Structure formats: structure tokens, C-alpha cells
Amino acid sequence: MTSRVFSAADHGFMARALRLAESGLYTTTPNPRVGCVLVHGGQVVGEGWHRRAGEAHAEVNALRAAGDKARGATAYVTLEPCSHHGRTPPCADALLAAGVARVVAAMRDPNPLVAGQGLARLRDANIRSECGLLEDAARELNLGFVARMTRNRPWLRLKLAASLDGKTALHNGHSQWLTGPAARRDGHRWRARACAILTGIGTVRHDDPQLNVRDLDPRQRASDVRQPLKVIVDSRLELSADARLLREGRVLVATTARGHARSRIADLTGRGAEILQLPDVDGRVDLSALLRVLAERGINEIHAEAGHGLSGTLLARGLVDELLLYLAPCLIGDKARGMFDLPALESLAGKRVLSIRDLRSLGNDLRVVARFN
């Protein structure tokens, strides 16, 4: 039977496991971020975290560090030990072979291939197994993985930089730079944790962005930075073969263009882009289908940076999970561009309500992280 009564020491060791799991924030996709701490006699005897898909899981790294001291130990792991053969053998079997006496998991694995079977295997072998310690924190760390496994859609975070009067650019589209260096560096850290960066053709035409990860903490090793997939929503396939985003990294262009655009498709595929034709019934890119395709390809988190048109469409279709909003202490006027192109409301009863999850200052700017209720 699973117990939910945990000691102060249990909380402390699981908190350490969660900090270890955060070490894989930028590298583990499509796998979850997982940390493990092995404790014997009140002392840590081994710890580890999962770094990259195909490499050893957190439990295996902790067991290697502990050696013979793992026998009789308690394993604190931020996600239920896996019970299936993937690129690596089951971690539940590794824990059994090492002779651990107790396993405490922060949360069950939402992967249908596991989904409680790892803990069940341990309990069947008379290993005391418990779940639910600091579960909310563990879930936060793997929001994208949970979303992909439970609803076949990545977690979509929409990033916007705006003035205090809610404007993202001047009427002519100029927006560089509303926010200061600290906010821009922070934005790149959020990019780095995502599996894909999503934008629209309007933003590409106007800004010619690179859509890559830069300006990270200088202590961050370049080898630990994984460049996300670049996803462009481009209904009429207007992307220039000379666009800067095509110079490096993987690029996926979602379009409605078909046979009449053969030469354009050839130009872009020649530059390394993949063209995905996803028309909806209105002749626009089917954004819901696009997110399903990305989920099937192992994309956990999407970082969207788009203009008010695509941002409004994503919001109107219920595809945005989280807003990442940077507010600059300035006003640029009513004629400037707003954050979302949305139909007018006739009543405040139709307003979209959010909950503020985090609020902090970055230089002179304010960062707001909010989710829809």
C-alpha cells in the first residue's frame, strides 16, 4: 500500500533529487527530467540525474555512484522508475538487482508504458514503495512530458514582450528593443528549455530572426545547449530561401501549399527545411494537427514567439497553456500593435481569466508567468 506520510528527512532528500533533475532542463528531451538520491543510514551514498535520451537514467547513475552501499538504501526518485525496455533497460529492475530496501517516487510516470507498473514491480518484490512526495514540484519540472503523454499535445508557452499599455510593436511593426538585456537573456533561457520554437511567417518576414538559443549564462556549457526545432506557420509558403533561420538547425514549415508550389518546396528543402502540408477546412494551417504531429515526434514543450495574428489564433483555439510576458516600463500609444488579434467582446463575461504563477523584476522590466484557469 502506498503511504503519503513522509518525514522531514524524506522531504529534504526528495528536494535534492528535484534539484538534480533540473540539471537536465536543457538536454533530456524527449525524455523527462529525472533525479535520484540514494540514502543509507541517513547519509547520501549516491546520486544521479538523467542527461540525454539514450544515456543512463537517473537511477542507474545514482546506483553506479553508490556501488555496494546501495544495498538496503532508500532511493528517492522524482519520477516512478521505468518498467519497460526502451533505449535502456528498466530502472525498476536495476533497483531490485542493487538490493535497495525502499523507493520513494515523487509522481507516477504518465507514460502508458509505465503508468504504475514500475512501482507495482517493486512492491511485488517486497520493496517498500511510496509515491506522491513533492509531486507538484515534480510535475512542474515535466509539464511538457506530462502534456504529451496524457493529451497527445505539447505544452505551449507563448512569450510576449510588451509596453505597460499592452503594445508589442509600433504601428509600423518596429519592436526592437522594448525590453532590456536582462529580460532578453531570460527569454533565451526559456527558449533553451523548449523542444521547439514556433512563429509565423509575418514575424519571419519582418524581423528575419535566427530563432536559436543565445545569451545564456556564461557558466552554461555550449555542449549542454540543445538548439530547438524551428517551426514556421506559413500558409502560402512565402518563406525566403535566404531567411537567416535556415542557416543552421532543423526547420519545419507548416503550410497549406500543394502542387502549385513545387519550386518553392524544392528551394526550401534544398536549404534543409522540412515541409509539412496541414490545411484545415478553412484553408489555413491546422494548428491542432500541427501540435499533434509535434507530439508524435517527441516534442514536449513549445516556445511560441509570434505576432498578434498567430498569437490571437493560438489563444482563440485554446492551444496556449501558459503566457510568458515581459512588461517594459514605457507607453507607446493606442495606435501601436496589441498582443492578440481577437474578436471584440460584447460582455466581460467572455473574458479569459488567468492565474499569476510567478511575478518578478528583471532589470527595469517585469516578468509575468500566467496560466489560464
Side-chain angles (χ1 to χ4, degrees), residues 29-30 144 148 152-160 169 173 175 187-188 190-214 226-317 319-321 340-341:
T29 187
R148 180 166 67 88
N152 194 30
R153 197 178 85 207
W155 182 267
L156 194 150
R157 182 178 295 110
L158 178 58
K159 178 256 184 182
L160 297 154
S175 62
H188 275 274
W190 286 93
R191 275 188 182 186
R193 67 171 285 167
C195 312
I197 301 174
L198 173 72
T199 196
I201 186 59
T203 297
V204 175
R205 277 201 312 260
H206 192 276
D207 297 337
D208 194 20
Q210 298 178 68
L211 289 189
N212 59 4
V213 175
R214 315 181 294 282
R226 169 191 42 79
Q227 291 294 341
L229 170 70
K230 306 170 188 180
V231 182
I232 316 303
V233 177
D234 183 7
S235 294
R236 293 188 291 272
L237 208 59
E238 299 171 307
L239 180 64
S240 168
D242 295 323
R244 289 203 299 168
L245 62 86
L246 291 170
R247 294 177 187 174
E248 62 177 5
R250 300 168 298 141
V251 179
L252 174 67
V253 183
T255 185
T256 63
R258 293 188 179 274
H260 65 280
R262 281 197 192 94
S263 62
R264 297 286 305 119
I265 292 173
D267 287 344
L268 294 172
T269 54
R271 293 298 305 274
E274 178 186 356
I275 310 301
L276 186 63
Q277 295 166 332
L278 285 174
D280 64 12
V281 293
D282 297 320
R284 304 172 71 181
V285 172
D286 189 332
L287 296 173
S288 295
L290 173 60
L291 296 192
R292 288 194 296 271
V293 169
L294 293 174
E296 291 166 0
R297 298 185 180 194
I299 299 296
N300 292 329
E301 292 184 25
I302 297 174
H303 179 93
E305 296 188 19
H308 72 299
L310 180 55
S311 294
T313 301
L314 289 167
L315 186 58
R317 297 187 183 181
L319 301 177
V320 178
D321 295 299
F340 306 105
D341 182 8

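Given the structure is predicted, the values throughout are model-derived calculations rather than measurements.
Residues satisfying the side chain to side chain donor-acceptor pair (under 3.5 Å) test with R153, not counting sequence neighbours, are none. Shown here are the side chain to side chain donor-acceptor pair (under 3.5 Å) partners of R157, two or more places apart in sequence or in another chain: E301, E322.
In this structure, the side chains of T199 and L211 come closer than 4.5 Å at one or more pairs of heavy atoms. Using a 4.5 Å heavy-atom cutoff, the side chains of L290 and L198 are in contact. You'll find the side chain of Q277 stays beyond 4.5 Å of the side chain of T256, heavy atoms only. Put simply, the side chain of V251 does not reach to within 4.5 Å of the side chain of R271, judged on heavy atoms. Counting heavy atoms from C-beta on, the side chains of L268 and L237 come closer than 4.5 Å.
For the residue pair I302 and A194, the shortest heavy atom distance occurs at C-CB, 4.4 Å. Nearest heavy-atom pair across N300 and P30 is ND2-O, 3.1 Å. The minimum heavy-atom distance between L160 and S311, with the atom names listed, is CD2-OG, 4.1 Å.
Atom CZ of R262 sits about 13.0 Å away from atom OG1 of T269, to the nearest 0.5 Å. To the nearest 0.5 Å, the span separating CG on L319 from CG on L158 amounts to 11.0 Å. For the atom pair CD of E274 and CG of L229, the computed distance is 8.0 Å after rounding to the nearest 0.5 Å.
The pair R264-D234 fails the salt-bridge criterion, with no side-chain N (NZ, NE, NH1 or NH2) lying under 4.0 Å from an Asp/Glu carboxylate O. The pair E305-R191 counts as a salt bridge, with a side-chain nitrogen and a carboxylate oxygen less than 4.0 angstrom apart.
Other residues, nucleotides and ligands contribute at most 12 non-hydrogen atoms within 6.0 Å of the CZ atom of R284.
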